[in-house]
Peer 1: 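Pasting a structure below so you can have a look.
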Amino acid sequence: MKPNQSGSSLGVSMVSTLEDLPKALDFAFAEDDDILIESYLNGTEVSVGVLHYQGETRVLGITEILSQNEFFDYEAKYLGKSEEITPARISKELEALVIETAKKVYQSLGMVGFSRADFIIMNGIPHFIEINTNPGLSPQSIFPQQAAHADIPFGDLLDSEINLALQRKLIWKR
């Protein structure tokens, strides 16, 4: 269970029993008025950096997430309770499928700039979980790690994003 518009896994919890439900609802609603309830998928979690770069939709890399906690929660993300492995330890065939799926998600949602799509791979099938339209850009964040893996200098990423923004049609008038 998670808030719809809260980032960084704030307000997210796993609900294993009916008794856990009221506490999880309170926790999620403390962050947002809208919440999402998802089925639990038991598999390998991966995060995929996708962006529009030099005229094409490009996948930067696939990062495998190994959380020491029940899931990739705030503590795992920011307090060192996880390991992030780029490139993910998956087969070439599965890598190709994840890349293809991440591109389709990106294009289907009409994305233009930076994004990070999250999947759980279960029984050889990547299940799309969510897309982060404002991925972290600190040196510890996954997206810059994936850019480094793709041999794209961070400054080039920022230049590309600025150029895309300058090309966008204004949706308001001054």
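The structure presented is a predicted model; accordingly, all values stated were derived computationally and were not measured.
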Peer 1: Distance check, rounded to the nearest 0.5 Å: E45 atom CD versus D118 atom CG?
Peer 2: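 Result: 6.0 Å between the selected atoms.
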Peer 1: Specify the closest pair of heavy atoms between Y106 and G113, including all atoms of both residues, with the distance to one decimal.
Peer 2: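 Where Y106 meets G113 most closely, the heavy atoms are OH-O, 2.8 Å.
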Peer 1: Should V105 and I121 be regarded as members of a common hydrophobic cluster, given that ILVMFWY residues are connected when their side-chain heavy atoms come within less than 4.5 Å of each other, either directly or indirectly?
Peer 2: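 Per the 4.5 Å side-chain linkage, V105 and I121 are co-clustered.
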Peer 1: Are the side chains of I85 and L66 in touch, meaning some heavy atoms are under 4.5 Å apart?
Peer 2: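 With C-beta onward as the side chain, the pair touches.
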Peer 1: For the hydrophobic clusters of this structure (ILVMFWY residues joined by side-chain heavy atoms under 4.5 Å, transitively), does one cluster hold both F128 and L97?
Peer 2: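 Linked within one cluster.
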Peer 1: For the atom pair CD1 (I37) and CG (L25), what is the distance rounded to the nearest 0.5 Å?
Peer 2: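 Those atoms lie 6.5 Å apart.
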Peer 1: What pair of heavy atoms forms the shortest contact from I152 to R58, and how long is it?
Peer 2: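 Taking every non-hydrogen atom into account, CD1-NH1, 3.4 Å.
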Peer 1: Identify the residue among T63, V48, V50, L60 that makes a side-chain contact (heavy atoms from CB on, under 4.5 Å) with F143.
Peer 2: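 Checked T63, V48, V50, L60 against F143; only one passes side-chain contact (heavy atoms from CB on, under 4.5 Å): L60.
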Peer 1: Is the shortest heavy-atom distance from the side chain of Q145 to the side chain of E84 under 4.5 Å?
Peer 2: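 Answer yes - side chains close enough.
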Peer 1: According to a 4.5 Å side-chain heavy-atom criterion applied to Ile, Leu, Val, Met, Phe, Trp and Tyr, with indirect links allowed, do L166 and L164 form part of one hydrophobic cluster?
Peer 2: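 No: no chain of side-chain contacts under 4.5 Å links L166 to L164.
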Peer 1: Between K2 and E130, is there a salt bridge with N-O shorter than 4.0 Å?
Peer 2: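 Yes, this pair counts.
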Peer 1: Given Y53 and D156, is the side chain to side chain contact (heavy atoms under 4.5 Å, CB included) satisfied, shown in steps?
Peer 2: CA-CA 9 Å; Y53 184 75; D156 289 357; 3.6 Å; yes
Peer 1: If I take atom CD1 from residue I120 and atom OG from residue S39, how far apart are they, to the nearest 0.5 angstrom?
Peer 2: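 With rounding to 0.5 Å, CD1 (I120) is 12.0 Å from OG (S39).
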Peer 1: Between the main-chain N or O of L10 and the side-chain N or O of E31, is there a donor-acceptor pair closer than 3.5 Å?
Peer 2: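 Not confirmed, E31 side chain does not pair with L10 backbone.
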Peer 1: Are L109 and I131 close enough that some pair of their side-chain heavy atoms sits under 4.5 Å apart?
Peer 2: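 Contact flag for L109/I131 side chains = yes.
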Peer 1: Ignoring hydrogens, what is the shortest heavy-atom contact between A28 and P3? Give both atom names and the distance.
Peer 2: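 So the two residues come closest at O-CG, 3.6 Å.
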Peer 1: Given side chains that start at C-beta, do those of I129 and L41 come closer than 4.5 Å, heavy atoms only?
Peer 2: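 In short, these two side chains touch, coming nearer than 4.5 Å.
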Peer 1: In terms of side-chain geometry, is the basic nitrogen of E95 or K92 positioned less than 4.0 Å from the acidic oxygen of its partner?
Peer 2: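 So E95 pairs with K92 through a salt bridge.
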Peer 1: Does a side-chain heavy-atom distance below 4.5 Å link F114 with L157?
Peer 2: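 When only atoms from C-beta onward are counted, L157 and F114 do touch, with a gap below 4.5 Å.
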Peer 1: Of the non-hydrogen atoms in F119 and P126, which two are nearest, and what is the gap between them?
Peer 2: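 Where F119 meets P126 most closely, the heavy atoms are CD2-CB, 4.0 Å.
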Peer 1: Enter the distance from L51:CG to R116:CZ here, rounded to the nearest 0.5 Å.
Peer 2: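 Interatomic distance, L51 CG to R116 CZ, rounded to 0.5 Å: 13.5 Å.
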Peer 1: What are the two closest non-hydrogen atoms of M1 and L21, and how far apart are they?
Peer 2: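 Heavy atoms of M1 and L21 come nearest at CE-CD1, 3.4 Å.
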Peer 1: Side chain of S141, backbone of S138: donor and acceptor closer than 3.5 Å?
Peer 2: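 Side chain of S141 to backbone of S138: a pair is present.
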Peer 1: Main chain of V59, side chain of Q146: is a donor-acceptor contact present, judged purely on distance under 3.5 Å?
Peer 2: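 Side chain of Q146 to backbone of V59, a donor-acceptor pair under 3.5 Å: no, none is there.
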Peer 1: Atom CD in Q167, atom CD1 in I162: separation rounded to 0.5 Å?
Peer 2: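 Reported to 0.5 Å precision, the distance equals 12.5 Å.
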Peer 1: Do N163 and S160 have side-chain atoms, one donor and one acceptor, less than 3.5 Å apart?
Peer 2: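 N163 vs S160: no donor-acceptor pair found between side chains.
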Peer 1: Where is the tightest heavy-atom contact between V12 and F27, given as atom of each residue plus distance?
Peer 2: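 Answer, listing the atom of V12 first, then F27: O-CE2, 3.3 Å.
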Peer 1: Within this structure, what is the NE2-CD1 distance for the pair H127 and I125, rounded to the nearest 0.5 Å?
Peer 2: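 Rounded to the nearest 0.5 Å, the NE2-CD1 separation comes out at 5.0 Å.
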